[in-house]
Structures are given as C-alpha cells and as structure tokens.
Amino acid sequence: MQHSLKDIFLLCALCLALAISGCSSSKGAGQPTAENPAKAPPESSAESPSGSAGAAALTLTGYGNTSSNLLHDGIAAEYDDYIYHVDKMMAGNIWRMPVGGGAGELLAKGDFHDLNVNGGVIFALGSIVDPETGSYVDGIVRMNIDGSNLHIVKEGYFEELILFDDYLYFADTIEGGLYRMKYDGSEEKMLLDGIYDGYIVIEGSLYICAELGEEYKLNVYKMPLDGSAEPQLIIEDIFGGSIYTAGDSIFYFPRDNTSDTCRYDAKTGEISVFRSNWIDYVNTDGERLYYFWSGVRADNADMGLYRCSLDGSGEEMILPSEPFFDLNIAGGKMFWHNNDEERRLTVVNLDGSEMGFAEQAQE
C-alpha cells in the first residue's frame, strides 16, 4: 500500500510540472521573437546568422536585377514601383524609395551590395551582426522587402550574386569557383572552378569571362545554367579584363591593336564594332544605352556621360563629367560613385537633371 501511494504522488508531481511548463510556453508565444520583432529598428532585425526560420517558400521567375547593374556592384534595383539601393559606394545600408519620387526609407543597416529583389524578398551579399555573438558575419543574405526577417542564407565571402528564377549564382572569392544554389540554400553545385567574377546571365545561359586554362588569354564562354555541358568559346582574346552588358548584348575590347568597342549579340551570335573608341560602364534602361567616354580633347570638354539608341545611333552627351564608376540604372534614375571621401552615391535622372546624392544613414 505504501508503494502505491508513492507512485500516485510521483504521477501527481509529473502532471503539475507539465501544467506549469505549458503555461510558461503559452505566455511566451505572444512575445517578440527574431522572426517577428516588435517594431525593431533595421539593425536589430537580424536573426541568428544561419537561421531561416519563418522564411516563406517562394516561386521566383526572371531576374532579381539587371545583369548590367550586377556587373557594377548591384548598388540599385527596381521592383514593384520601388527603387532599392545602398547608400555608399560599393556597399552600404539598404534603402528604398518610390519610383517617381518620394521619401526614402531605411530598410537594413550593414554593408550590402549585389542587390537582387524579386518575389517580395531581397537577396544580397553583405555583412551583418550576429545577435548572439556581436561579431560580423559575411555571406548571402535574405530579407523581406520591408527589411524584416533578415538572415544569412549561406556564410562566406562571395562576389557577383545573381538571382535568376529559383536559383542564386555566385563566386567564392577565397577558394575560387562559380556556384549555383537554390534560393533556400539547397541544391548547391559548383559549375566552374577558378572563377572569381566576370559572369552574367543572358537569354537563359551563363556567359563567363575567364582564362579557363589559357594563361594570359581572356575569352568569353557560354554554358547552360545548370552546368550540364562544357563551356563553349564564343568571344576570343579580349583586352582590359572585363566585359559590359546591356539587354542581350555583351560589349568588350578586342585585343587587336585598335581602340574599338565591339558588341556581341547573344540572340544571333553576331559580332560588330559598336564604337571606334573605348567606352566604360555600359548600361541600359531598356530604351537607350548609357555609358562613360573619356573623350579625346585636351581640355576634356568631350568627357562625360553619353547615351544613344539601342542600335548605337543618335549618340549625345547628356552630362559633362569627371570619371566615375559602377553606373547602375533603376526606376528612371542613374547611380554611380566617384570615390569621394564620404563614399557618397550620385543620383541623377536619365536626362542628366536633378543631380544629388543618395541619403545616408546616421552612424
């Protein structure tokens, strides 16, 4: 009889402990969490670096940004009547502002670049603070378009993030290698070894500017997005170490002792001379081409920002300018930087009017 009373006592104690635990869990359910912060400021919205709890499944179609912008650090992108941009040259805090004008809104603090926006989310490369350790963590980040649910999808040091359909393409800058990975971090696959930058997506194919075994000779190759076939040589021996793109075209300098800028049409495979001079930072708004030309005059009166029709006709200078870098176009605005001490981004209309600087977050 004594043994039975003991069993009954232990059973009652266990039930009481479970009841207390249940009440405690119920009370905590309505409290702010990392996935559902209570009016947290942008810099406080980061989850545990590798945690993606609460991240909804996505159905993504098309690009997260233009290939032209992503070749130039991806400092601006347009999505759903908003312009998303960083606030410093090369990398900075993420802001958004309405297309057509309006107040800017700070979304997330950190050092972000290579912005891709699609499906109601932002993907970027960047550095954020780990709320558990207080240290900075680098990698591919994801957040909602209002800056909430910020977290790391993959830790590491990467360059040239491209979102196309459901997949992310990026280069490992430490080990070297071009990778493809589903947006949720699954299905990671190395497509090419020894790649650090210089690739784009056009017409559902990858185009890579690289040596690929030919030392000191840069070529441009084409390959399927899933890496199911070997790279195919399409442009041989380019000069200057880089390519530009706009729409379905690749612009490059041939190593042929000329000063030509050539154009490769990805739809037809045809190559033509676009300009008899070198131009830089080619970009497009879909209706015209924009680029910087250093000019030939001793007084630099012909140095500046130019535009022309998509076929190359009707060239005009729209803005005299000193050399600048990383021309991005989004939502009827142009963004670039000129390495000033404050790391400011210049913002100007497509016709060269209303030039100013992107608003910067207070440190």
(message) By the definition side-chain contact (heavy atoms from CB on, under 4.5 Å), identify the one residue from Leu168, Leu191, Ile162 that meets it with Arg180.
(response) Leu191
(message) Between Asp311 (side chain only) and Ser313 (backbone N and O only), is there a donor and an acceptor less than 3.5 Å apart?
(response) yes
(request) Please assess Leu327 against Met334 for the test side-chain contact (heavy atoms from CB on, under 4.5 Å), listing each intermediate value before the final yes or no. (result) CA-CA 7 Å; Leu327 174 63; Met334 293 182 285; 3.9 Å; yes
(message) Looking at Ser309 and Gly314, would you say the former's side chain and the latter's main chain have a donor-acceptor pair under 3.5 Å?
(response) no
(message) Whether the Arg263 and Ser249 side chains hold a donor-acceptor pair (N or O, under 3.5 Å, no angle test) is what I'd like checked.
(response) yes
(request) Indicate yes or no for a side-chain donor-acceptor contact from Asp302 to the backbone of Arg297 under 3.5 Å, with no hydrogens or angles considered. (result) yes
(request) Answer yes or no: is there an ion pair linking Glu342 with Lys88, defined by an N-O contact shorter than 4.0 Å? (result) no
(request) Under the side-chain contact (heavy atoms from CB on, under 4.5 Å) rule, collect the residues that match up with Ser228, sequence neighbours excluded. (result) Pro224, Asp226
(message) Apply side-chain contact (heavy atoms from CB on, under 4.5 Å) to residues Asn277 and Thr261 and explain how you reach the verdict.
(response) CA-CA 6 Å; Asn277 47 268; Thr261 298; 5.6 Å; no
Taking only distance into account, with no hydrogens and no angle test, what donor-acceptor pairs under 3.5 Å do side-chain atoms of residues 198-210 form with protein atoms, sequence neighbours excluded?
residue : atom : partner : partner atom : Å
Tyr199  : OH   : Glu159  : O            : 2.9
Tyr199  : OH   : Glu160  : O            : 2.7
Tyr199  : OH   : Ala171  : N            : 2.9

(request) Determine whether the side chains of Glu315 and Tyr291 contain a donor N or O and an acceptor N or O closer than 3.5 Å. (result) yes
(request) Quick one: closest heavy-atom pair of Leu161 and Asn116, and the distance? (result) O-ND2, 3.1 Å
(message) Using modelled atom types and a 3.5 Å cut-off, is there a donor and acceptor pairing between side-chain atoms of Ser272 and backbone atoms of Phe274?
(response) no
(request) Taking the side chain as every heavy atom from C-beta outward, state whether Leu192 and Met223 have any atom pair closer than 4.5 Å. (result) yes
(request) Please determine, by modelled atom types, if Ser135 and Thr133 share a side-chain donor-acceptor pair under 3.5 angstrom. (result) yes
(request) Determine yes or no for a side-chain-to-main-chain donor-acceptor pair under 3.5 angstrom, with Tyr183 supplying the side chain and Leu58 the backbone. (result) yes
(message) Run Lys154 and Glu188 through salt bridge (charged side-chain N to carboxylate O under 4.0 Å, His left out) and show every step you take.
(response) CA-CA 10 Å; Lys154 179 177 176 62; Glu188 181 177 327; 3.1 Å; yes
(request) Quick one: pull up CD in Glu105 and CE in Met97 and give me the separation to the nearest 0.5 Å. (result) 12.5 Å
(message) Run Glu236 and Lys217 through salt bridge (charged side-chain N to carboxylate O under 4.0 Å, His left out) and show every step you take.
(response) CA-CA 8 Å; Glu236 188 172 4; Lys217 185 178 180 182; 2.6 Å; yes
(request) Report yes if the distance between the aromatic ring centroids of His337 and Phe324 is under 6.0 Å, otherwise no. (result) no
(message) Could you check whether any side-chain N or O of His151 sits under 3.5 Å from a backbone N or O of Asn149, counting only pairs where one atom can act as donor and the other as acceptor?
(response) yes
(message) For a quick test of reading the model, state the closest non-hydrogen atom pair linking Glu78 to Ala330 and the distance between them.
(response) N-CB, 3.9 Å
(request) Taking atom types as modelled, find out whether Asp87 and Trp95 have a side-chain donor-acceptor pair closer than 3.5 angstrom. (result) yes
(message) Taking the side chain as everything from C-beta on, heavy atoms only, tell me whether Asn65 gets closer than 4.5 Å to Tyr79.
(response) no
(message) Quick check: Phe239 with Phe253 (ring centres under 6.0 Å apart)?
(response) no
(message) Between Asn283 and Asn69, is there a side-chain donor-acceptor contact under 3.5 Å, judged purely by atom types and distance?
(response) yes
(request) May I have the step-by-step check of ring-ring contact (aromatic ring centres under 6.0 Å, His included) for Phe251 and Tyr244, ending in yes or no? (result) CA-CA 5 Å; Phe251 299 85; Tyr244 302 119; 8.1 Å; no
(request) Please find out if less than 6.0 Å separates the ring center of Tyr281 from that of Phe292. (result) no
(message) Restricting to non-hydrogen atoms, name the atom on Asn338 and the atom on Pro323 that form the minimum distance, rounded to 0.1 Å.
(response) CB-O, 4.0 Å
(request) Output yes when Lys267 and Asp248 qualify as a salt bridge under the 4.0 Å nitrogen-oxygen rule, no when they do not. (result) yes
(message) Can you give me the closest heavy-atom contact between Gly286 and Leu310, atom names plus distance?
(response) O-CD1, 3.5 Å
(request) Output yes when Arg255 and Asp237 qualify as a salt bridge under the 4.0 Å nitrogen-oxygen rule, no when they do not. (result) yes
(message) I need the minimum non-hydrogen distance between Leu60 and Leu163, along with the two atoms involved.
(response) CD1-CD1, 3.9 Å
(message) Can a donor-acceptor pair be found, under 3.5 Å and without considering hydrogens, that links the side chain of Asn93 to the backbone of Gly110?
(response) yes
(request) Find out whether Val121 and Asn144 are in side-chain contact, i.e. whether some heavy atom of one side chain is under 4.5 Å from a heavy atom of the other. (result) yes
(message) Closer than 3.5 angstrom, by distance alone: can the side chain of Asp197 be matched with the main-chain N or O of Ile195 as a donor-acceptor pair?
(response) no
(request) Using only heavy-atom distances, determine whether the side chains of Tyr221 and Glu230 contain a donor-acceptor pair under 3.5 Å. (result) no
(request) Tell me, please, whether Tyr290 has Arg307 positioned over its six-membered ring: NZ or CZ under 6.0 Å from the ring centre and within 45 degrees of its axis? (result) no
(request) Evaluate whether atom CD of Glu316 has more than 12 neighbouring non-hydrogen atoms of other residues, nucleotides or ligands under 6.0 angstrom away. (result) yes
(request) State whether the side chain of Asp340 and the backbone N or O of Arg343 hold a donor-acceptor pair below 3.5 Å, judged by distance alone. (result) yes
(message) Looking at Thr173 and Tyr157, would you say the former's side chain and the latter's main chain have a donor-acceptor pair under 3.5 Å?
(response) yes
(request) Identify whether NZ of Lys or CZ of Arg in Arg96 sits under 6.0 Å from the centre of the six-membered ring of Tyr82 and within 45° of that ring's axis. (result) yes
(request) List for me each residue that meets salt bridge (Lys or Arg N to Asp or Glu O under 4.0 Å) alongside Asp146, sequence neighbours excluded, and say none if there are none. (result) none
(message) Would you say that more than 12 heavy atoms from the other residues, nucleotides or ligands in this model lie under 6.0 Å from the OH of Tyr136, or not?
(response) no
(request) Measure the CZ-CG distance between Phe123 and Asn118 for me, rounded to the nearest 0.5 Å. (result) 9.0 Å
(request) Evaluate the side-chain proximity of Met89 to Asn339: yes if any heavy-atom separation is below 4.5 Å, no if none is. (result) yes
(message) Could you check whether any side-chain heavy atom of Ile243 comes within less than 4.5 Å of a side-chain heavy atom of Ile238, counting everything from C-beta outward?
(response) yes
(request) Compare all side-chain heavy atoms of Ile75 with those of Leu345 and state whether any distance is below 4.5 angstrom. (result) yes
(request) Of all the heavy-atom pairs spanning Lys109 and Leu106, show the shortest one and how long it is. (result) CE-CD2, 3.8 Å
(message) Between Leu319 and Met355, is there a side-chain heavy-atom distance shorter than 4.5 Å?
(response) yes
(message) Please check if the number of heavy atoms outside Met190 that lie under 6.0 Å from its CE is greater than 12.
(response) yes
